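Single-structure report; data block below.
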Amino acid sequence: MIGVDTAGVAEQLGAAADTATAIGQLAAEIGLDAEGAYAVQTALVQRRLDRGEHLVGLKMGLTSRAKMAQVGVDEVIWGRLTDVMRVPDGGTVDVGGFIHPRVEPEVAFLLDRLPEPGEPVGSFADAVRAVAPAIELIDSRYANFTFSLPDVIADNASAAAFVIGPWSPVPDGLDNLGVLLEVNGRVAQVGSTAAILGDPRRALDEGLRLAGRHGVRLRQGWVFLAGAATAAVPLPPGAHVRAVVEKLGTATLRSAPSAGGRHG
Ligand code: 0L1
Ligand code: MG
């Protein structure tokens, strides 16, 4: 991967998100590999930090077979979350601020005492203070939601917005909880937390390992999105979305009936 214009690619992806305008895939044309794509992601997120946003967490992507099959990519990836992406539970987004938004039901962790770089997670109960049901709104900046692995990594793993439901203490088991995604009162997806790497707790090990490779340390107080339990579904205007995770409760998101502000 020689001579990739990291800043230029980040600018293209950032402008696509800012203007809600899809672009074509980039990686194959410019010879971008996964390593270089994480450098683009860093620059893309830095662009947000430069305008005053703050890092608030990390998201894992493609942690389930359903998600991998949906987009034709077969590796777990990660991306960064900023404060501006967070929508309050029950809050409203304007789909006009996105290109082709999709929603998916997730499990979120509130991070606590984390190991030093290179050390394994001691105990999940030490590393995670609380868990919550969550909704991730993903929005690929590529036309037709079609991309290669480096493309989607560069695009910050399609991160766009997220909702965290009520936090609860970590329950005894997280590995086989029923998950339901409803759109306008209709069941859109049904699954189990087992779909998230067999157990969503594994996503934290993966997150620490994969982000650690790039010198990124997870922080106490950060949110960690462990990944989706089902495939994602399109978010139309005027929708009421509920993600229900057994034992953890419900996170909800609305979309405004017509164009307006981005979050509300
Ligand atoms: O959160 C996710 O699993 C998304 C990862 C990127 C692939 C996609 O846009 O579906
Ligand atoms: Mg996700």
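Note that the structure is a prediction, hence the values are computed from the model and not measured. First listed ligand is number 1; within each ligand, the first listed atom is number 1.
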Which atoms of ligand 1 have any heavy atom of Gly61 under 4.0 Å away? 1 (O), 2 (C), 3 (O), 5 (C)
In ligand 1, which numbered atoms sit nearer than 4.0 Å to a non-hydrogen atom of Glu136? 1 (O)
Considering only protein heavy atoms, which is closest to atom 6 (C) of ligand 1, and at what distance to one decimal place? Val152 CG2, 3.4 Å
Note: Phe162, heavy atoms under 4.0 Å from ligand 1, region reported as neither
Glu106: which N/O/S atom is nearest the Mg ion (ligand 2)? OE2
Cluster check Leu180, Leu225: I/L/V/M/F/W/Y, side chain < 4.5 angstrom: no
Got the closest protein heavy atom to atom 2 (C) of ligand 1, with its distance? Lys67 NZ, 3.2 Å
Gly227 near ligand 1 by a heavy-atom separation under 4.0 Å: no
Does either side chain, that of Arg141 or that of Ser158, offer a donor lying less than 3.5 Å from an acceptor on the other one? no
Tell me: protein heavy atom nearest atom 5 (C) of ligand 1, and distance? Ala157 O, 3.6 Å
Can you tell me the protein heavy atom closest to atom 9 (O) of ligand 1 and the distance? Ser158 OG, 2.6 Å
Is any side-chain N of the basic residue among Asp18 and Arg47 closer than 4.0 Å to the acidic one's carboxylate O? yes
Checking Gln41 against Arg80: is there a side-chain donor and acceptor pair closer than 3.5 Å? yes
Spacing of Leu55 atom CG and Arg48 atom CZ [to the nearest 0.5 Å]: 10.5 Å
Min N/O separation Ser140 to ligand 1 under 3.5 Å: no
Flag the pair Phe109 / Trp222 as yes when their ring centroid distance falls below 6.0 Å, and as no otherwise. no
Heavy-atom pairs closer than 4.0 Å: do any link ligand 1 to the side chain of Lys59, the backbone, both, or neither? side chain
Can you check whether Phe145 has an N/O within less than 3.5 Å of an N/O in ligand 1? no
Under 4.0 Å between a side-chain nitrogen and a carboxylate oxygen: does that hold for Glu104 and Arg102? no
Ligand 1 contacted by Glu104 (non-hydrogen, < 4.0 Å): yes
In terms of hydrophobic clusters joined by side-chain contacts under 4.5 Å, are Val179 and Val244 together? no
What angle sits at the Mg ion (ligand 2) between OE2 of Glu104 and OE1 of Glu136, to 10°? 110°
Can you find a pair of side-chain heavy atoms, one from Leu253 and one from Phe162, that are under 4.5 Å apart? no
Would you indicate whether the side-chain heavy atoms of Leu114 and Gln220 approach each other to under 4.5 Å? no
Test of understanding: given a 4.0 Å heavy-atom threshold, classify the contact between Leu62 and ligand 1 as side chain, backbone, both, or neither. both
